[in-house]
Amino acid sequence: MIPQLKQAIVKAFSTEFDHTVSVEEIKIENTNPQFEGSFTFVVFPYLRVTRKKPEESAEIIGNAVVQELTEIKDFNVVKGFLNFSLKDAYWVEYLESLTQAKRLGTTADKPQKVMVEYSSPNTNKPLHLGHVRNNLLGFSIAEILEYYGHEVIKVNLINDRGIHICKSMLAYQKFANGETPESSGIKGDHLVGKYYVEFDIAHKKELAELVASGMSEDEAKASSTLMNEAREMLGKWEKGDEETLALWNKLNNWVYKGFDASYSRMGVSFEKFYKESETYLLGKKMVMDGLEAGILFQKEDGSIWADLTDDGLDQKLLLRADGTSVYMTQDLGTADLKYADYGMDTSIYVVGNEQDYHFKVLRLILEKLGKTYASGVFHMSYGMVELPEGKMKTREGKVVDADDLMDEMYETAKLRTMEQGKTDGLSDDELHGLYETLGLGALKYFLLKVDPTKRIVFNPSETIDFQGNTGTFIQYTYARCKSVLRNWSDSLTFDTSLELEPTERDLIAHLFGFDAKLEEACKLYSPSIIAQYLYDTAKFYNSFYNQCSILKAENQSLIQFRVGLTAVTVRMLETCGKLLGMQMPEKM
RNA sequence: GGUUCCAUAGCUCAACUGGAUAGAGCAACUGCCUUCUAAGCAGUAGGUUCCAGGUUCGAGUCCUGGUGGAAUCACCA
């Protein structure tokens, strides 16, 4: 309908004002709810062409368009705003087309191959709320792109080596007495995380003692036995010391098992895992090649750098004097490996905005090195999740643990459901599934409804809502629709002579807007667009539901139309819910 | 100190990328279950969009300056 409307406006300009405008420059907006109509054309920008007052110009174009398009019922003019209303028959036919559509929403004109890297955890501690946001964002972005028709590869780059990993290994060796997940009953990632914290405690204690014995803080740091032992361990690891590798493998495998459980509960997944231990050396060759080609330069001490001063940035170290690599080196190598593996058009990194500078530099260096895929590298920079007192800090215990949070959501969902007392006849298994669906649904919606680029301040003392603009509200609406549809098994026919209620028309017009929202969500990599749309869908449906009787409407054609509206709504809720990773309950 | 980002109702968030009288939810208040699920619906109240200028038919949105906050500027990742 939008293309036809634009075309008619172009024609009106041509015949009424003898002026040529292109279809592309015509903008059609959704009519503000407080005015009559569905689509709006703003004439202000064209007054120079029409050389008439806004109202008069709009009037002329409106008349011409109504002549041209039979679907247009009427138009009204408020100042420079030209609002079009469509005939109810058009909306009924549109709804009918949706009931028969194979899928909701159009697909991309030019499908691409897109890689989405997300999660990217360290193997020295369990996941926290920050990771949860990352996981849900990454997964949802991947789902949205895939639904829009792109080929998507979800990958996880695991940070499984380095001094921080050695810290937990060392503490485990010293203090654990052979404790295992089995012997302690502690989930693997939490067990390893416990020793990461213990290292920090012991290290701080050691420093304090050294300072008390008369050392300066710097001296204490330099002579700390624990820290030196950790560094020593990292050296052994890099040299491939068997005993160290065995410990490393044992602990990491516990962590992976723990992560698997958390990922699976969150409902996120990956096609491929990259591990830093397998990629950290790859960047070296790229750097050496860059040096040889004169793109990079070497300092007197032998270290190798990229000079980015022409681009308004600093110099960036890429290889230390001793030839070991840094974070950037590894990321260069990984970027190259990813492209060699998949040859994707776009490579999205879902990483917090604290790394904006890093990714700016990464892309720039890839460009300088002449990598063609550099232009496809995109940092999906999202806002950090913070506590009221600031950033989360694992070592100080100031974290909202992912597993704990999911447990709490489950318990709250159980409590709320029991308060409602509407689940008679459900088995224990079904109840368990329902609490999980509701608890995680609330959590997912809570995190995804917010614009990804904005930071989230999470207050653990305020529980996540189950009322209002929440995942629960959407799930409730879904269950409500299902309850109606359970009482209907016949096929549907649509009567185009029906006269619609405003709530019915509003809901269909809203469903009409899905294409634009899906496209926008893809363009911005923003699940919040879908979440917002999903909320509005439920909102419009509930308005309609409260105002109109469905199965007991006055006549058969009205009943069938309203059942059809319910059927399409349920499909939209399910589709969008899936894009956010949310499950929907049949009853609640 | 340099660079980048942010500031909207008491709180949490929107505002279709420059459009109409800035909208939702929570919290408060008022109605609505003999009817397909009231985890809902309808309504009341709540705003100098941080401040001061500028751009134009029109600014929460763009530009300049200021205030307040955050991130980053590692031979950490």
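Values below: all heavy atoms of this structure, side chains included; hydrogens, waters and symmetry mates excluded. Order of the sequence lines fixes the chain letters, A, B, ..., with proteins taken first and strands second; residue numbering starts at 1 for each chain.
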What about [X] and [Y], are their ring centers closer than 6.0 Å?
X	Y	value
A:F84	A:F41	no
A:H379	A:Y349	no
A:H358	A:Y327	yes

### Query
Is any NZ, NE, NH1 or NH2 atom of the basic residue among A:E419 and A:R416 found under 4.0 Å from an Asp or Glu carboxylate oxygen of the other?
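Yes, A:E419 and A:R416 are salt-bridged.
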
Touch class at under 4.0 angstrom, heavy-atom based, for [X] against every strand present:
X	value
A:P33	nothing
A:T566	nothing
A:T472	base
A:L319	nothing
A:K360	nothing
A:K482	nothing
A:C548	base

With respect to the side chain of [X], which nucleotide from [options] is positioned closest?
X	options	answer
A:N542	B:A24, B:A20, B:G40	B:G40
A:K552	B:U35, B:A42, B:G19	B:U35
A:Q467	B:A14, B:C26, B:C36	B:C26
A:N32	B:A20, B:A14, B:G40	B:A20
A:F473	B:A14, B:C41, B:A38	B:C41
A:R480	B:A20, B:G40, B:C36	B:G40

For the pair made of [atom1] in [X] and [atom2] in [N], what is the distance, rounded to whole Å?
X	N	atom1	atom2	value
A:Y533	B:C13	OH	C1'	20 Å
A:M588	B:A38	CE	P	12 Å
A:Q547	B:G43	CD	P	11 Å
A:Y46	B:G58	OH	P	18 Å
A:I464	B:C26	CD1	P	16 Å
A:Q420	B:C33	CD	P	18 Å
A:D451	B:G60	CG	P	20 Å
A:Q532	B:G25	CD	C1'	10 Å

#### Entry: Nearest-nucleotide 5' precedence on RNA chain B, A:Q34 against A:Y476
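On the 5' side of the pair lies A:Q34.
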
### Query
Which residue, A:V457 or A:N83, contacts RNA chain B at a nucleotide closer to its 5' end, judged by nearest heavy atom?
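Comparing both residues, the 5'-ward one is A:V457.
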
### Message
For A:F297 and A:W305, take the angle between the two ring planes, folded into 0 to 90°, and tell me which bin it lands in: parallel under 30, tilted 30 to 60, perpendicular over 60.
### Response
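Parallel: the ring planes of A:F297 and A:W305 meet at under 30°.
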
### Query
What's the base orientation of B:U17: syn (chi within 90° of 0) or anti?
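Syn, since the glycosidic angle lies within 90° of 0.
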
### Message
Please classify the glycosidic conformation of B:C33 as syn (within 90° of 0) or anti (everything else).
### Response
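Glycosidic conformation of B:C33: syn.
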
### Query
Are A:K449 and A:F473 in a cation-pi setup, meaning NZ or CZ lies under 6.0 angstrom from the ring centre and within 45 degrees of the ring axis?
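Judged by the rule, A:K449 and A:F473 form no cation-pi pair.
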
### Message
With the criterion set at under 5.5 Å between ring centres and under 30 degrees between planes, would B:G40 be stacked on A:Y545?
### Response
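Check failed, A:Y545 does not stack on base of B:G40.
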
### Query
Under 5.5 Å between ring centres and under 30° between planes: does that hold for A:F81 against the base of B:A20?
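Yes, the aromatic ring of A:F81 stacks with the base.
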
### Task
Determine whether any donor atom in the side chain of A:S528 lies under 3.5 Å from an acceptor atom in the base of B:A14, or the reverse, and answer yes or no.
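For A:S528, whose side chain was compared with the base of B:A14, there is no donor-acceptor pair (under 3.5 Å).
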
### Query
Tell me, do A:Y118 and A:L137 make a side-chain contact under 4.5 Å, heavy atoms counted?
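A:Y118 vs A:L137: side chains apart.
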
### Query
Under 4.5 Å between any side-chain heavy atoms of A:K482 and A:V570, yes or no?
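They are in side-chain contact.
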
### Query
Mind pulling the stems RNA chain B is in, i.e. runs of at least three Watson-Crick or G-U pairs, everything under 3.5 Å?
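So the stems come out as B:1-7 with B:67-73, B:10-13 with B:23-26, B:28-32 with B:40-44, B:50-54 with B:62-66.
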
### Message
A:E238: which residues meet the salt bridge (charged side-chain N to carboxylate O under 4.0 Å, His left out) condition with it, sequence neighbours left out?
### Response
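So A:E238 forms a salt bridge (charged side-chain N to carboxylate O under 4.0 Å, His left out) with A:R161.
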
### Task
Encode nucleotides 68-77 of chain B as B, S and - characters from 5' to 3', where the letter depends on protein heavy atoms closer than 4.0 Å: B to the base, S only to sugar-phosphate, - to neither.
---SSS-BSB

